[in-house]
Amino acid sequence: MSGAQQPITPIVLRSISQRFGRKVVLRGVDLELRARSITGLVGANGAGKTTLFLILAGLLQPDGGERRYGERVVADIDLELRARLAYVAHAPQLYPGLGARANLELFAELRHAAGLSSRPADDVLRGLGLPAEALDRPVSTFSRGMAQRVALARAVAGDPELLLLDEPFTALDARGRAQLAGALLAERDRGAAILLSSHDQGTLLRVCDRLVLLEAGAIVREVERGDDDPAGFAARASEVLGAVGPDDHAAA
Amino acid sequence: MKRKSEFVVPLLFLAAAPLVVYSVQRVFLHTPNERTMGTAFKIFFFHVPMGWLCMLMAVISGVAAYVQLRRRSRTASAVALAAAEVGFLGGLGVMLTGPIWGHATWGTPWTGDARQVTTALLWLVIAAYLLLRHFGQHASERLAAALAIFGAVNVPLIYYAVKLWKTTHPTTGVVAKLPPEMWATFWPGLSALLLVSFGLFAIRARQLVLAGELDDAYVRLEDSRA
Amino acid sequence: MLHLAPVRLLRQSLLLLRSELRQELRDLELVLTSTFFTLVVLGMFYLSFAALEKKHTMPAVPGLLWLTVAFVGTITLTRAFDREREADTLRALLAAPVERLAIYVAKAGSTLLVLLVCCALLVPGLASMFPAGQVFWDMPLETVALVVLGCLGYVAIGTLFAAGLAGGGGKNMLLAVILYPVTTPVLMFALVTTRALLDKNPNLPSYLGQMAALDVILLGLGALLFEPVLVGAAPARTAQAARQHARDRLRTTGREEPR
Amino acid sequence: MTPIAPPVLITGLVFEAAPAPADGGEYEPAVGTSREEKEILATLEDKAAAKTASDYQHIVWAYGILWALFAAYGLFLWRRSARLRADVDALRQELGRSGARGGPGA
């Protein structure tokens, strides 16, 4: 029980590897996610980003390596850990027949049933800019961007210490991206560790404290935003983003 | 580096060779004909061991699959697949020789009784397992393991189903009532079959483990170049 | 403060089951397609077998009953998990602080209910169609017990494999390949018991008891395997490292405390 | 062919007529076994022979299938082995090449 009080950050991955036969998806990934920090994960399609997210969220067991959440070395991401992390996948993962509020309330009730707290659905949804009239419309009538907001709202409702976001900016317009970026910054200031993958270079540059380049399953570059030299970070970060190549942005 | 297992397989076959000769000689020359079923009874000496082999392999496959699922062991995965293949072979043997025996003794290839049906069922589960292992994607390997476990659970059901459906098929009673000289012929035959099958099983399992290690080697080679 | 595991399991199972039912009530997709299919099969049976004499319908009715359950079960499970797959919602549940067993219980429960609705059409249909089925009317309690036990066993296995295929991104074609052989033992027991019912066999209660025992085994197996199949277990080495780490931590904290 | 003429089928009638040729002396009844028994035995032996022959056919089929199954599996294993060996050889070659290039194989 005392373990529940200890923070699960920093999350440290050590030589995480994943392969299917001869196809290597991740090779010896070392990564540290700190509290109060946004890490941007960039890389071409098929570089292993989604696999890394799945491993962090406990949906996939890596073939090798070590996952450390706070003080704990973790073999299985158990319920106690899952209560403190949230994963927003590439697809919004919402029940299409239910409304936005109902979708959130289901997960809130599930949390309550486990003895966990959750922020009120309406507050979170409005905070992310969902109009009040849309709260009870079935999610299947939503645009991709709206659904994406609902998914993010569901993720942050439980005040997670680790927030995993796989391409959250897809299909959002400039205003939506700005809104989402604002929400992310707020989450960071609340104390969350955030891992974010995106092809949206501008937003990445704006919100990330650190950029990590994943290439063919390995982390090949890392740049950190220093306190002193914002221009230097921008230059180095652009270099990393340039390494992904322009073709892949179009593909996303 | 030579491993212990490399000596096991030739040893199994070496031990099996005289047994095969001995059991064939016993089956065809020594053993008196069974009174009601006639000469065709000689099929019994390999038909029944094949059935036992099929069930034994299904159980081995199920246990190995459980270990694979719980501990993510690649060796267990190889053992599960190899056992399923040999079990499939045994089941096929039963299903093909059964009708021949049935035709010779009862005049009908398929009596449709519980044991036949349930053996066929076990065989179908094994076949489904092999299909899933072969055509499923990487993630379905775990599902295949669950399938193998269900196959193993089916084995006691097979015995139970016989009790539930009392029919024309020689039940376990026939085997138990066999005169001693029949048993003397039965055991060498069973041992010969088991030795050969375990030899094949060991070869296959080692092939699969080797294939996995080969994958590792390729990956390491690629890593060292990167 | 986290609730105890059994409490969590119970509450979350009920919540998920309620949510399943609510979504189903919204458009009734599963119930409508499955019951329609049941009616079609019943119609086919009528056209094919209505001319059978009574003594022939005796062995035919159990087969028709459970064959239909097998068909309808496959359709229902396929559709139920196709929906999960389309929106990838199964993954959302797996990543949430939800007992994974609760997901299994809820899915099995909702599928069972759909199957029972179909059986509520199927059994009276067979009973009125074939003279041998008259027994279903005469012994309603036993009939209900039989149908519930049979469907429960079917669902216990079916949910595990359907979820495994939906979660693993497997090919759906494989579901039928797996489901039929794996569920046949349950269906076989159900067949034997149904025959006992139609024969007015005095051992019927013992047959029903055996089916209940089989259901318990299958449910246990399904529950045991659900999480390992959907998420997988840590490799032996990783698990060992985690245990070692926990032990080390315990030792260090143990040493520190006396100070 | 044993001389089983149609009358045998109505044995009773035939044997009623049989004791007649006492004058000819060409027919002497065998002591101990009646003709009836002999002919029944002959039929049975015929049937048994046919059964054994058919049984042997069945046995040959059964055992043939069993051996063929094992042989087929052996062949499958052998082919797998050959493929594995080819794979290992390919790996060796790759290693040799990277060794020549001063890779880790050297």
Side-chain angles (χ1 to χ4, degrees), chain B residues 58 62 65-77 91 112 114-115 117-167, chain C residues 59 153 156-189 191-193 195-196 203 206-207 210-211 213-214 217-218 220-222 224-240:
Chain B
Y66 186 76
V67 174
Q68 172 203 347
L69 207 53
R70 280 279 153 194
R71 319 235 9 219
R72 263 284 207 101
S73 150
R74 247 174 28 191
T75 315
S77 160
R115 191 188 290 199
V117 173
T118 38
T119 310
L121 243 163
L122 174 62
W123 185 77
L124 282 181
V125 173
I126 297 177
Y129 172 78
L130 292 180
L131 276 174
L132 198 56
R133 278 296 288 263
H134 199 260
F135 294 108
Q137 280 131 350
H138 175 80
S140 53
E141 195 168 297
R142 296 197 300 266
L143 195 65
L147 197 55
I149 292 169
F150 267 94
V153 172
N154 262 6
V155 171
L157 279 180
I158 288 179
Y159 272 110
Y160 194 70
V162 181
K163 268 196 195 167
L164 213 60
W165 273 347
K166 297 191 183 83
T167 46
Chain C
I157 312 173
T159 308
L160 171 71
F161 285 99
L165 271 184
K171 299 165 191 168
N172 229 359
M173 175 271 289
L174 286 172
L175 183 61
V177 169
I178 300 168
L179 267 186
Y180 287 111
V182 169
T183 52
T184 330
V186 196
L187 296 177
M188 226 170 64
F189 270 80
L191 271 178
V192 173
T193 313
R195 206 167 292 166
N203 287 331
S206 113
Y207 280 120
Q210 284 167 13
M211 276 185 74
L214 181 68
I217 294 173
L218 294 177
L221 221 67
L224 184 73
L225 293 177
F226 190 72
E227 187 166 355
V229 164
L230 276 165
V231 181
R237 224 177 304 142
T238 314
Q240 203 186 345

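Letters A, B, ... mirror the listed sequences (proteins, then strands); counts begin at 1. Because the structure is a prediction, the values reported are computed rather than measured.
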- Task: Could you give me the CA-CA distance, side-chain angles and deciding distance for C:Val182 and B:Leu147, then say whether side chain to side chain contact (heavy atoms under 4.5 Å, CB included) is met?
- Result: CA-CA 8 Å; C:Val182 169; B:Leu147 197 55; 2.9 Å; yes
Which distance, rounded to the nearest 0.5 Å, do you find between the [atom1] of [X] and the [atom2] of [Y]?
X	Y	atom1	atom2	answer
B:Tyr66	C:Leu224	OH	CG	4.5 Å
C:Leu165	B:Leu143	CG	CG	5.0 Å
C:Leu225	B:Ile149	CG	CD1	4.5 Å

- Query: Nearest heavy-atom pair of B:Leu121 and C:Pro181: which atoms, and what distance?
  - Reply: CD2-O, 3.4 Å
- Query: Can you say whether C:Leu160 sits under 4.5 Å from chain B via the side chain, the backbone, both, or neither, judging by heavy atoms?
  - Reply: both
- Proximal component of C:Val186, with respect to chain B [non-hydrogen, under 4.5 Å]: neither
- Would one find more than 12 heavy atoms of other residues, nucleotides or ligands at under 6.0 Å from atom CZ of B:Arg74? yes
Per-pair distances, 0.1 Å, donor-acceptor, side chain in residues 122-129 of chain B, under 3.5 Å, sequence neighbours excluded:
{"unit_1": "B:Trp123", "atom_1": "NE1", "unit_2": "B:Phe88", "atom_2": "O", "d": "3.1"}
{"unit_1": "B:Tyr129", "atom_1": "OH", "unit_2": "B:Arg133", "atom_2": "NH1", "d": "2.7"}

- Query: Can you find a heavy atom in the side chain of B:Arg142 that is under 4.5 Å from one in the side chain of C:Pro228?
  - Reply: no
